Undergrad: 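Quick one: the structure is below, and I'll ask about it shortly.
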Amino acid sequence: MGQKSKQFGSFRESVADIPDGSTIGFGGFAMPGVPFNLIKALMEQGAKRLTLVGNTTGGAQQPRMPDMGMLVENGQVAKVICAFTAATRPTDVLPFTKYYESGEVEAELVPQGTLAERMRSAGAGVPAFYTPTAVGTELAEGRETRVINGREYLLEYALKLDYAFIRARTADSFGNLRFHRAQRNFCPVMATAATCTIVEVDEPILPAGAIDPDDVHTSGIFVHRLIQVPAEPDGLWPTKRQERRR
Amino acid sequence: MGQKSKQFGSFRESVADIPDGSTIGFGGFAMPGVPFNLIKALMEQGAKRLTLVGNTTGGAQQPRMPDMGMLVENGQVAKVICAFTAATRPTDVLPFTKYYESGEVEAELVPQGTLAERMRSAGAGVPAFYTPTAVGTELAEGRETRVINGREYLLEYALKLDYAFIRARTADSFGNLRFHRAQRNFCPVMATAATCTIVEVDEPILPAGAIDPDDVHTSGIFVHRLIQVPAEPDGLWPTKRQERRR
Amino acid sequence: MSETKGLTRQQMADRMALEFQDGWIVNLGVGIPTMCSNTDTGDRDFTYHSENGVIGYGGVASPEEEDLLLVNAGGQNVTLKPGASVVHHADSFAIIRGGHIDVTVMGAYQVSMTGDFANWKLKGQKGGGIGGAMDLAACAKRVFIILEHVTRAGGPRLVTACDLPVTARGVVKLVSTNYGLFEPTGDGFLLREIAPGLTVDEIRATTGGKLTVADGLKTVQLSR
Amino acid sequence: MSETKGLTRQQMADRMALEFQDGWIVNLGVGIPTMCSNTDTGDRDFTYHSENGVIGYGGVASPEEEDLLLVNAGGQNVTLKPGASVVHHADSFAIIRGGHIDVTVMGAYQVSMTGDFANWKLKGQKGGGIGGAMDLAACAKRVFIILEHVTRAGGPRLVTACDLPVTARGVVKLVSTNYGLFEPTGDGFLLREIAPGLTVDEIRATTGGKLTVADGLKTVQLSR
């Protein structure tokens, strides 16, 4: 279903052409689904003035793995769009905080479900939708609302991505993907919202047709580049989190 | 994950409490996914003044299996909401047409993607969304549009269902479903939009946990009643369509 | 359909299919557009998408291959190519509405010189058959139309303005008829290629709006 | 957290969990709310939903059971119950926004007598941690809050009006604190059950708005 191979030989090559100023979505929720290897490659590649989209800037957990916050610390980021600019527990201070407070980096704080739906809408050709989320809060101040059937809703706009960086368990050569358990999270949604979706894959890439059509989580029509993650230490893999101290 | 069984012993029992005036969605696109047995049971049950939602009123194909049009012919229907009130080829006259033209039954004609998205929105708590579909056409006359980023869009509202009648290949006792190939179509979407989802299932109902969590198409949280389809002739199964004559 | 001049139905589809580029995601309407999948496009290979959520279907199934629960948008039992997948209807139209379809090929009653087209409702009909046509028409990256050049009564189908209810406005990029290959230009049609046995004058006489002719007008090349 | 009067954190969670009805779909926030899953609710059984799309998770995984790619919303490695399934983030929040969650239990800094609550941003903070809280708060069928009854400085957390930025307005149905079980009433709070060792006067002195007391006030029954 097309002659061009989607398989790339290295993470470096797979991110080489990403220009300054790109908007990039990063899959992942806690460890599962985070594209550690692509983030590392992007830090080496050095693109600047990026807009990053993801659940959180990261950095609150140990051991720390490559996250959006590291790109901030690396001076590559103009803006982040995420559901947390601070950690869930106020006593955890994120590395991101000082860059945000100093004004070095801009942030747009979006409720997690609205964030997911804005990207889903971008992929689905819906330019705007109404949601009850955040009505009556600081986030709705000065924004357009509308009463439908007696309830107040906030207007939210689609959020398109230039690139999506995601991680999957299994892929075939056409780019069909399967995720394992909570690895799925934002990954399939970002794939639909992005002009170019780059996937780091846990397992060796299978021939097209090896995944039953009923079992595909993300169709290859949304996937543009595939790279298999090598074994450690060459590849970065999820690790067990250290227990928090109380 | 709850003590109450979702399994019903007969189609008759599974539709017994459906009141007059209900809005019911019918899965299916061509033969796959059509809940033939539930439609038959509803014809016997006799609820009146129903609003039916589905792709088409049916009846253009041979052999004719239970379809929305039969409920119309049975005098049970006030309104249909669908993507076809006439067949794709104008020379095929649907049985529905005479009821519609005489004004006995009302119809709301909705583009297929808008129909699916309106139900998805109902299930997803989105009361309204914008779409480029049908802008500039007869369907948009007198309706609210809005220009976003230079393009004109039509405002569409969520479409909730009281009941969804769908057909699946596999189910477990919690109601998790899997569909085979094109059987999926509207079925998972209608399940999310309905207050009560009733499923006719091709295969014997499995114990909870028999379907890998990564392989579930529709979560049991959207499913309320399950009935296994008996073998023919007691159960109605898809059959090969007759070839059309040119 | 009555005997017509110029290209056969399969030839009209073949000419259109030669426009597809390798790797395109293609949605084919019922009728003549479906015949595009029979065209030999050499090394170029496509992913066929169907409104009911089947991505990557192949040819019509032989009796041995037939799966009653696997149909395309025309209700035909089809096969799957390696790499195929299935999604539900909302996701299938998210693919369409989201602009992920590279080309949709549809039949029509009329195409106007401004790129409007009509294919869902006859004159005086109450209701009609929209199906996925309005979503595809408004949202695919390219809308290509295949139709017979003239009506049974001999009137034009390429018209200055549609007098039937339109499916979408200003979207048609290319039209394949039995008389040739055309592009709507706003104030008429550009004849890009002419069918063997037709003359420009014949075409001009049966086409609405101004007919312009491509420099060095070529004849449609036929492989069958 | 400092030593407090009345119920322990687990007891506050236990009391709340006893409100859940058989078959409910339950979303538990990080911290004390998660402890609701430890409560013995007898024959009643629930489906736990997590924002990241895990439907039907079970307890925290033992080292042998641990799957690094299976976490709940708090990032804990969990197990799955029979009947579990996984969806992506947009579908997971479609479940939330669509009103399919029977109850969400969250922690908070403040709850007001009109049912507003605040849990995403501290005073003077730039930005904050919203996560899925605003979606859950606005859309779950019931919002239950568990919090310590007084601040470290001894001030009330059940207040006449939140002075922190709110997460949602008018949504809180029930509050479990170490002092007892409360319902916001619009102009104050209804004390439904009192914790052992507390007096109504102590509670009144540390609660914003008017405190009303349920007829035949019961003491919170503790199983541990």
Side-chain angles (χ1 to χ4, degrees), chain A residues 27 29-33 55-56 61 82-90 92 96-97 100-101 107 109-117 119-121 123-124 131-139 169 179-190 192 202 217-218 237-241 246, chain D residues 1 29-31 50-54 57 63 66-78 80 84 86-97 99 107 109 116 118-122 125-139 164-171:
Chain A
F29 182 100
M31 287 256 183
N55 190 48
T56 168
Q61 283 134 25
C82 56
F84 293 96
T85 57
T88 315
R89 57 171 70 195
D92 290 342
F96 172 73
T97 303
Y100 183 38
E101 291 188 342
L109 192 56
V110 182
Q112 200 173 133
T114 299
L115 185 64
E117 189 68 12
M119 289 188 280
R120 192 263 174 194
S121 293
T131 175
T133 301
V135 166
T137 75
E138 192 179 293
L139 293 194
R169 167 62 62 91
F179 304 91
H180 178 70
R181 306 296 189 242
Q183 190 183 42
R184 206 177 310 189
N185 62 73
F186 283 97
C187 296
V189 185
M190 288 179 170
T192 68
D202 295 350
H217 293 152
T218 289
W237 288 77
T239 68
K240 188 165 162 44
R241 284 172 57 178
R246 292 232 170 259
Chain D
M1 216 156 282
V30 294
S50 173
E51 288 94 308
N52 59 342
V54 181
Y57 68 87
E66 202 166 67
D67 176 342
L68 290 181
L69 298 184
L70 176 54
V71 299
N72 65 10
Q76 295 171 298
N77 289 115
V78 290
L80 296 176
V86 179
V87 296
H88 63 54
H89 240 82
D91 280 350
S92 179
F93 279 84
I95 292 171
I96 294 171
R97 201 183 313 96
Y109 305 134
D116 302 351
N119 77 349
W120 69 278
K121 185 174 181 172
L122 296 171
Q125 191 180 8
K126 187 175 181 184
I130 296 177
M134 283 192 183
D135 300 278
L136 284 159
C139 306
L164 292 170
V166 300
T167 307
R169 296 197 181 276
V171 296

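None of the values given here were measured: they were computed from a predicted structure. Chain letters run A, B, ... following the sequence lines, proteins first, then strands; residues in each count from 1. What's counted below: heavy atoms across the whole structure, side chains too, no hydrogens, waters or symmetry copies.
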Undergrad: Can you measure from NE2 (D/His89) to CD (D/Glu51) and round to the nearest 0.5 angstrom?
TA: 7.0 Å
Undergrad: Do A/Gln112 and D/Ile130 touch side chain to side chain, with heavy atoms closer than 4.5 Å?
TA: no
Undergrad: Taking D/Gly131, D/Gly53, D/Gly132, D/Gly170 one by one, which has the highest count of heavy-atom pairs under 4.5 Å against chain A?
TA: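 Ranked by contacts with chain A, first place is D/Gly131.
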Undergrad: Which answer fits A/Leu115, side chain, backbone, both or neither, if we ask what part of it has an atom under 4.5 Å from a heavy atom of chain D?
TA: neither
Undergrad: Please state whether the side chain, the backbone, both or neither of A/Thr114 comes within less than 4.5 Å of a heavy atom of chain D.
TA: both
Undergrad: Can you tell me which of D/Arg97, D/Gln125, D/Arg169 forms the most heavy-atom pairs within a distance under 4.5 Å of chain A?
TA: D/Arg97
Undergrad: Donor-acceptor check, side chain of D/Asn77 to backbone of D/Leu70, threshold 3.5 angstrom: yes or no?
TA: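 Side chain of D/Asn77 to backbone of D/Leu70: a pair is present.
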Undergrad: Check whether D/Asn52 reaches the backbone of A/Ala182 with its side chain - one donor and one acceptor, N or O, closer than 3.5 Å.
TA: no
Undergrad: Can you tell which part of A/Ala107 gets under 4.5 Å to a heavy atom of chain D, answering side chain, backbone, both or neither?
TA: neither
Undergrad: Okay, side chain of A/Thr85, backbone of D/Gly128: is any donor-acceptor separation there less than 3.5 Å?
TA: yes
Undergrad: Select one option (side chain, backbone, both, neither) describing which atoms of D/Leu122 are under 4.5 Å from chain A's heavy atoms.
TA: side chain
Undergrad: Just by distance, no angles: are the side chains of A/Asp202 and A/His180 close enough, under 3.5 Å, to form a donor-acceptor pair?
TA: no
Undergrad: I'd like to know which of A/Gly33, A/Pro111, A/Ala116 tops the heavy-atom pair count under 4.5 Å against chain D.
TA: A/Pro111
Undergrad: Quick check: do A/Cys187 and A/Thr218 have side-chain heavy atoms less than 4.5 Å from each other?
TA: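 When only atoms from C-beta onward are counted, A/Thr218 and A/Cys187 do not touch, as no gap falls below 4.5 Å.
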Undergrad: For the interface with chain D, which of A/Arg169, A/Arg120, A/Met31, A/Glu138 has the highest count of heavy-atom pairs at distances below 4.5 Å?
TA: A/Glu138
Undergrad: What pair of heavy atoms forms the shortest contact from D/Thr167 to D/Asn119, and how long is it?
TA: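 Here D/Thr167 and D/Asn119 meet closest at OG1-OD1, 2.7 Å.
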Undergrad: Given that the side chain runs from C-beta out, which part of A/Ala86 has a heavy atom under 4.5 Å from chain D: side chain, backbone, both or neither?
TA: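 Backbone plus side chain of A/Ala86, per the 4.5 Å heavy-atom cut-off to chain D.
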Undergrad: So which part of D/Val30 gets closer than 4.5 Å to some heavy atom of chain A, the side chain, the backbone, both or neither?
TA: side chain
Undergrad: Relative to chain A, which segment of D/Val54 carries a heavy atom at a distance below 4.5 Å: side chain, backbone, both, or neither?
TA: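 Just the side chain, heavy atoms under 4.5 Å.
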Undergrad: Could you measure the distance from the CZ atom of A/Arg184 to the NE2 atom of D/His88? Nearest 0.5 Å is fine.
TA: 8.0 Å
Undergrad: Counting heavy-atom pairs under 4.5 Å with chain D, which one of A/Thr133, A/Val110, A/Asn55 comes out on top?
TA: A/Thr133
Undergrad: Please state whether the side chain, the backbone, both or neither of D/Ser50 comes within less than 4.5 Å of a heavy atom of chain A.
TA: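 When you check distances to chain A, no heavy atom of D/Ser50 falls under 4.5 Å.
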Undergrad: Heavy-atom distance under 4.5 Å to chain A: side chain of D/Asp91, backbone, both or neither?
TA: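 Contact with chain A: none, neither part.
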Undergrad: Answer with side chain, backbone, both or neither: which region of D/Leu80 has an atom nearer than 4.5 Å to a non-hydrogen atom of chain A?
TA: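 Contact with chain A: side chain only.
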Undergrad: Against chain A, work out which of D/Ser92, D/Ala168, D/Ala73 has the most heavy-atom pairs shorter than 4.5 Å and name it.
TA: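 Most heavy-atom pairs under 4.5 Å with chain A: D/Ala73.
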Undergrad: Less than 4.5 Å to any heavy atom of chain A: does that hold for the side chain of D/Ala94, its backbone, both, or neither?
TA: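 Nothing of D/Ala94, per the 4.5 Å heavy-atom cut-off to chain A.
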Undergrad: In Å, rounded to the nearest 0.5 Å, how long is the span from CD of D/Gln76 to CG of D/Asn72?
TA: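 Reported to 0.5 Å precision, the distance equals 4.5 Å.
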Undergrad: Between atom CG of A/Asn185 and atom CZ of A/Phe29, what is the distance when rounded to the nearest 0.5 Å?
TA: 7.5 Å
